[in-house]
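Reviewing the structure listed below.
Here the structure is a predicted model, which is why all the values come from computation and not from measurement.
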Amino acid sequence: MKPERILNVPGAVNFRELGGYQTKFNQTIKWQKLLRSGELSHLTPRTQALLADYGLKYDIDLRSPAESSWSSDKIPAQTIYRFYPVYPIQDNEKSDLPQNKHLKYQAYEQSLYDPYLTMAFSEHSRIAFHQMFVDLLANTNEKGSLLFHCAAGKDRTGMAGMLILSALQVPYQTIREDYLLTNLVYSNQDPDELRRQITGKHVDKLIQKMNSVFSVTASSLDHTHDLILDRFGSFDHYFKEALEFSDQDLADLRQIYLE
C-alpha cells in the first residue's frame with residue numbers, strides 16, 4: 001500500500017494518513033506513523049494483511065462500548081488494540097481506561113454543553129486522550145503506525161487529530177484543512193450505505209445523531225481550538241496542565257513522529 005493522504009483501504013471508512021504535514025519549524029511528520037479512520041468492522045483478511053504490511057502497531061478505538069461491541073474492529077493479529085471511549089461511559093461498562101484515575105485540572109461545568117468542549121475539557125475525555133498519548137509515546141518503531149478512530153472518523157477522530165497535530169506543532173490552518181478533508185472523502189460516497197454501516201439503534205442518541213451526518217463544519221473545531229488557547233495560552237500548556245505531560249514527553253513525541 002502506497003503512502004498517500006487518502007488511503008484506499010477496502011471496507012474501511014474515511015481512512016487517512018497524517019504523514020507529510022509540515023510543522024511550524026520546518027519539520028515533517030513521518031509517513032507510516034500516524035493514521036486516522038472511521039470504523040474497522042468490515043475489513044477483510046486481505047485488507048488486514050495490507051495493514052500489517054503497512055506496519056499497523058496500535059489501534060486506538062475512541063467509540064462507545066455499544067458501538068465497539070456492535071461493530072468490533074477487525075485488525076491484524078499482531079496489532080495492539082486499545083479501547084478508550086472518549087465520551088463518558090456508565091460504571092458497569094468496560095474499557096481499557098484506568099480505573100479510579102483523576103487529573104488535577106477541573107473544567108467549569110458550563111463549558112461541557114457541547115460535544116467538542118466535552119472532549120477538550122471533561123475529565124473522562126482527557127483521561128482517554130491521556131492514554132492515547134501514552135501509546136503514542138510507546139510507538140517508537142520506525143515503521144510502526146498508530147491508528148486512532150471512531151465510527152465516522154470525523155468528530156472524535158477530528159478532535160484527536162487536532163490534539164496530536166498540535167502537539168507536533170503543525171500550524172492550525174493545516175490542522176483545520178485536514179479536519180475538513182472529511183467532507184471531500186464523504187462527498188463521493190453513498191450516505192445511506194454509510195448510515196447502514198456505522199449507525200445502529202443501540203447507540204446513544206447523541207452519538208447516533210453525530211454519526212448520521214457525513215460532514216463537519218470548521219466552526220466546531222475553531223471554537224474548541226480558540227477556547228483551549230484562551231484558557232491555557234498555548235497547546236503546550238494544555239498538554240502539561242490538562243493532560244499531565246511534561247516538556248520531555250512533548251520533546252520525545254516530536255522525536256518519534258517528526259523528521
Side-chain angles (χ1 to χ4, degrees), residues 14 16 18 21-24 29 34 36-38 60 62-64 67 84-89 103-133 136 148-187 198 203-245 250:
N14 200 5
R16 286 145 52 189
L18 295 181
Y21 284 135
Q22 285 197 316
T23 74
K24 301 172 185 176
I29 296 179
L34 287 170
R36 55 171 292 173
S37 78
I60 310 298
L62 305 174
R63 298 174 300 164
S64 68
E67 291 171 293
Y84 301 146
V86 167
Y87 294 139
I89 61 176
L103 300 174
K104 292 180 181 178
Y105 174 80
Q106 294 297 317
Y108 297 111
E109 286 301 320
Q110 59 262 37
S111 72
L112 307 184
Y113 63 89
D114 173 275
Y116 277 75
L117 299 185
T118 295
M119 289 189 280
F121 296 110
S122 78
E123 184 177 57
H124 175 93
S125 299
R126 287 184 290 116
I127 289 171
F129 287 132
H130 174 96
Q131 294 304 120
M132 179 185 72
F133 273 94
L136 283 162
F148 56 98
H149 80 94
C150 55
K154 58 186 185 72
D155 297 302
R156 289 164 287 187
T157 300
M159 184 66 191
M162 180 179 75
L163 293 179
I164 292 170
L165 294 177
S166 296
L168 297 177
Q169 300 176 314
V170 172
Y172 181 62
Q173 183 59 36
T174 303
I175 296 171
R176 196 175 189 266
E177 290 170 0
D178 179 77
Y179 174 77
L180 292 173
L181 192 56
T182 283
N183 295 337
L184 175 63
V185 172
Y186 281 136
S187 68
I198 68 175
V203 176
D204 177 88
K205 288 183 179 179
L206 174 62
I207 295 175
Q208 188 177 55
K209 179 180 178 181
M210 296 181 75
N211 286 350
S212 297
V213 179
F214 301 111
S215 64
V216 291
T217 57
S219 60
S220 298
L221 200 70
D222 290 344
H223 181 54
T224 307
H225 171 268
D226 292 347
L227 194 54
I228 288 174
L229 291 182
D230 182 62
R231 290 198 180 181
F232 294 93
S234 71
F235 269 83
D236 277 13
H237 283 133
Y238 172 81
F239 291 120
K240 286 184 279 188
E241 295 178 34
L243 298 188
E244 299 187 357
F245 288 103
L250 292 171

For Ser166 versus Phe235, what's the shortest heavy-atom pair and its separation? CB-CD2, 3.6 Å
When rounded to the nearest 0.5 Å, the distance separating CD of Glu241 from CG of Leu103 is 12.5 Å
Audit row: His223, Tyr116, ring pair (Phe, Tyr, Trp, His ring centres under 6.0 Å) steps and yes/no: CA-CA 9 Å; His223 181 54; Tyr116 277 75; 9.9 Å; no
Does His149 reach the main-chain N or O of Thr157 with its side chain, forming a donor-acceptor pair under 3.5 Å? no
In short, Arg176 meets Ala218 closest at the heavy-atom pair NH2-CB, 3.1 Å
Hey, what do you get for OG1 (Thr174) to CD (Glu177), rounding to the nearest 0.5 Å? 5.5 Å
Full working for side-chain contact (heavy atoms from CB on, under 4.5 Å) between Leu163 and Met119: CA-CA 11 Å; Leu163 293 179; Met119 289 189 280; over 6 Å; no
Aromatic contact, Tyr238 with Phe129 (centres under 6.0 Å): no
Test log, rule side-chain contact (heavy atoms from CB on, under 4.5 Å), inputs Leu136 and Leu34: CA-CA 9 Å; Leu136 283 162; Leu34 287 170; 3.5 Å; yes
Quick one: CZ on Phe133 to CZ on Arg126, what's the gap to the nearest 0.5 Å? 13.5 Å
Criterion side-chain contact (heavy atoms from CB on, under 4.5 Å) on Leu221 and Tyr172, from CA distance to verdict: CA-CA 10 Å; Leu221 200 70; Tyr172 181 62; 3.7 Å; yes
When you compare the side chain of Ile164 with that of Met132, does any pair of heavy atoms fall below 4.5 Å? yes
Evaluate the side-chain proximity of Leu227 to Phe121: yes if any heavy-atom separation is below 4.5 Å, no if none is. yes
For a quick test of reading the model, state the closest non-hydrogen atom pair linking Ala152 to Asn14 and the distance between them. O-ND2, 3.4 Å
Arg156 to Glu67 - nearest heavy-atom pair and separation: NH1-OE1, 2.8 Å
Between Ser125 (side chain) and Val86 (backbone), is there a donor-acceptor pair under 3.5 Å? yes
Any side-chain heavy atom of Met162 within less than 4.5 Å of one from Ile228? yes
Measuring from atom CE of Met159 to atom NE2 of His225, what distance do you get when rounded to the nearest 0.5 angstrom? 10.5 Å
Starting from the C-alpha separation in whole Å, work towards a yes-or-no answer on side-chain contact (heavy atoms from CB on, under 4.5 Å) for Arg231 and Tyr105. CA-CA 12 Å; Arg231 290 198 180 181; Tyr105 174 80; 3.3 Å; yes
Could you tell me the separation between the CG atom of Asp222 and the CD1 atom of Ile175, rounded to the nearest 0.5 Å? 11.0 Å
If we only count heavy atoms from C-beta on, is the Arg16 to Thr182 side-chain gap below 4.5 Å? yes
Value for CG (Leu243) from NE2 (His130), rounded to nearest 0.5 Å, stands at 8.0 Å
Write down the atom of Gly158, the atom of Tyr179, and the distance for their closest heavy-atom approach. CA-CD1, 3.9 Å
Can you name the nearest heavy-atom pair linking Leu117 to Thr224, along with the distance? CD2-OG1, 3.9 Å
